[in-house]
Amino acid sequence: MDIKVIAFDADDTLWVNEPYFRRTEEEFCNLLSEYLQPHAMERELFKIEMDNLGLYGYGVKGFMLSMIETALKVSNKTISLDHIERILDLGKNLLNEPVDLLAGVEDVLDTLKGKYRLVVATKGDLLDQERKLKKSGLSHYFHHIEIMSEKDDANYLKLIKHLDILPENLLMIGNSLKSDILPVLNIGGYGIHVPYAITWAHEQIEHTIESERFRSVEHIKEVLQFL
């Protein structure tokens, strides 16, 4: 491998994220349990989230708007203003969750800094991701921060052009096979999958990956054996 740049996903690779969304979703479903059973509410919310991705993108603010839209739909627009206010509070609380680093992350970054250019390649709401990166205390490890609207082949190609490298000079490390690994393999880069305990349904894939440029590890510290 001729790796020059190592890119890290942020949410659920560097720090905890999905459990906060799951907890908020549970609170939302319980709040509206008079209208729909929790599992049915989860499905309705997910469908509306998917319909809205092209409008709002990823992140807490889009999730908050989708919760409000779901509440209006399942209540046939009879939802009270108190309930709407409570949903807004759920979203604001989600934006203010602590940034808890995952075990081993800082040790890995400390080991790799100076040997490679390290970057963050993530997606989501710009302000929210910038806030989390600042609160994480990890900013000084990274040469560049890339916050994408979508993690697809085209945006990874833009990233390598910006970094002035070839695709084979890029290694991407992340918890999502769909967003972090497959697009990078598609353009000729390398990927290491570090699975997280919880994966959002939208990020799940059904097939296995067969590639000489792909590895999967159980813990982020294991990436060091390939570098």
Side-chain angles (χ1 to χ4, degrees), residues 3 5-22 53 57-60 63 97 99-113 116-126 128-139 141-160 162-163 165 167 169-187 189-205 209 211 213-224 226-227:
I3 303 299
V5 173
I6 300 178
F8 290 84
D9 173 51
D11 294 335
D12 299 319
T13 297
L14 299 179
W15 51 68
V16 175
N17 180 67
E18 187 61 21
Y20 298 143
F21 274 86
R22 292 290 178 93
L53 274 182
Y58 298 90
V60 175
F63 181 60
E97 290 287 1
V99 177
D100 293 326
L101 299 183
L102 293 173
V105 162
E106 196 150 16
D107 291 336
V108 168
L109 294 176
D110 197 54
T111 300
L112 296 176
K113 187 180 181 183
Y116 304 90
R117 276 191 287 167
L118 305 183
V119 307
V120 171
T122 189
K123 65 185 178 184
D125 180 79
L126 177 64
D128 189 29
Q129 294 295 59
E130 288 179 339
R131 174 193 63 82
K132 286 191 282 189
L133 186 63
K134 182 177 180 180
K135 289 178 71 173
S136 75
L138 300 178
S139 300
Y141 287 107
F142 297 108
H143 165 80
H144 175 71
I145 310 298
E146 187 77 13
I147 301 175
M148 308 176 189
S149 58
E150 184 64 83
K151 290 172 110 172
D152 55 18
D153 299 13
N155 280 320
Y156 280 109
L157 285 170
K158 288 180 185 177
L159 174 61
I160 64 172
H162 176 80
L163 295 170
I165 58 173
N169 301 143
L170 175 67
L171 168 64
M172 181 70 193
I173 297 173
N175 71 294
S176 170
L177 291 170
K178 181 179 179 180
S179 294
D180 302 324
I181 305 302
L182 284 175
V184 174
L185 296 180
N186 289 342
I187 67 171
Y190 292 82
I192 299 180
H193 180 227
V194 186
Y196 187 64
I198 305 172
T199 303
W200 185 30
H202 181 62
E203 296 295 337
Q204 296 175 12
I205 64 172
I209 297 176
S211 173
R213 291 178 280 107
F214 169 70
R215 297 288 186 274
S216 184
V217 299
E218 292 184 3
H219 191 277
I220 196 166
K221 281 193 173 183
E222 295 175 46
V223 305
L224 297 177
F226 301 110
L227 300 165

Would you confirm whether N17, through its side chain, and D12, through its main-chain N or O, come within 3.5 Å as a donor-acceptor pair?
-> no

Straight-line distance of Y196 OH to I220 CD1, nearest 0.5 Å = 12.5 Å

Pairwise distance CD1(I6) to CG(L227) - rounded to 0.5 angstrom = 4.5 Å

Taking every non-hydrogen atom, the tightest pair across Y156 and I187 | CB-CD1, 3.7 Å

Can you see which heavy atom on Y141 is nearest to which on L118, and at what distance?
-> O-CB, 3.6 Å

What's the spacing between F8 CZ and L109 CG if we round to 0.5 Å?
-> 5.0 Å

Applying side chain to side chain contact (heavy atoms under 4.5 Å, CB included), run through K158 and M148 and close with a yes or a no.
-> CA-CA 10 Å; K158 288 180 185 177; M148 308 176 189; over 6 Å; no

Heavy-atom pair with the smallest gap, counting every atom of H193 and L177 | CG-CD2, 3.5 Å

Closest contact, heavy atoms only, D9 versus L14 = O-CG, 3.2 Å

How many angstroms lie between atom OG of S211 and atom CG of N186, to the nearest 0.5 angstrom?
-> 9.5 Å

Backbone of V5 reached by a side-chain donor or acceptor of R117 within 3.5 Å = no

Residues in salt bridge (Lys or Arg N to Asp or Glu O under 4.0 Å) contact with D107, at least two apart in sequence or another chain | K221

Stepwise side chain to side chain donor-acceptor pair (under 3.5 Å) test for N155 and K123 | CA-CA 11 Å; N155 280 320; K123 65 185 178 184; over 6 Å; no

Rounded to the nearest 0.5 Å, how far apart are CG of L163 and CD of E146?
-> 7.5 Å

Say you draw a straight line from OG1 of T13 to CG of D180; how long is it, rounded to the nearest 0.5 Å?
-> 5.5 Å

With side chain to side chain donor-acceptor pair (under 3.5 Å) as the test, would you mind laying out the steps for Y20 and D100 before giving the verdict?
-> CA-CA 11 Å; Y20 298 143; D100 293 326; 2.9 Å; yes

Go through the steps to decide whether I209 and L182 satisfy the test side chain to side chain contact (heavy atoms under 4.5 Å, CB included), and finish with yes or no.
-> CA-CA 8 Å; I209 297 176; L182 284 175; 3.6 Å; yes

For the side chain of R213 and the backbone of L185, is there at least one donor-acceptor N/O pair under 3.5 Å apart?
-> yes

Sidechain-backbone polar pair: K132 side chain, D11 backbone, donor-acceptor under 3.5 Å = no

Taking the side chain as every heavy atom from C-beta outward, state whether V184 and F214 have any pair of such atoms under 4.5 Å apart.
-> no

Show your reasoning for whether side chain to side chain contact (heavy atoms under 4.5 Å, CB included) applies to Y116 and L171.
-> CA-CA 10 Å; Y116 304 90; L171 168 64; over 6 Å; no

Can you tell if the side chain of I192 reaches within under 4.5 Å of the side chain of E222, non-hydrogen atoms only?
-> no

Apply side chain to side chain contact (heavy atoms under 4.5 Å, CB included) to E150 and Y58, showing your working.
-> CA-CA 8 Å; E150 184 64 83; Y58 298 90; 2.8 Å; yes

How far apart are the closest heavy atoms of Q129 and A10, and which atoms are they?
-> NE2-CB, 4.5 Å

Heavy-atom nearest pair, K135 first then E97, reads NZ-O, 3.5 Å

Identify, with sequence neighbours excluded, every residue that meets side-chain contact (heavy atoms from CB on, under 4.5 Å) alongside L224.
-> V108, T111, L112

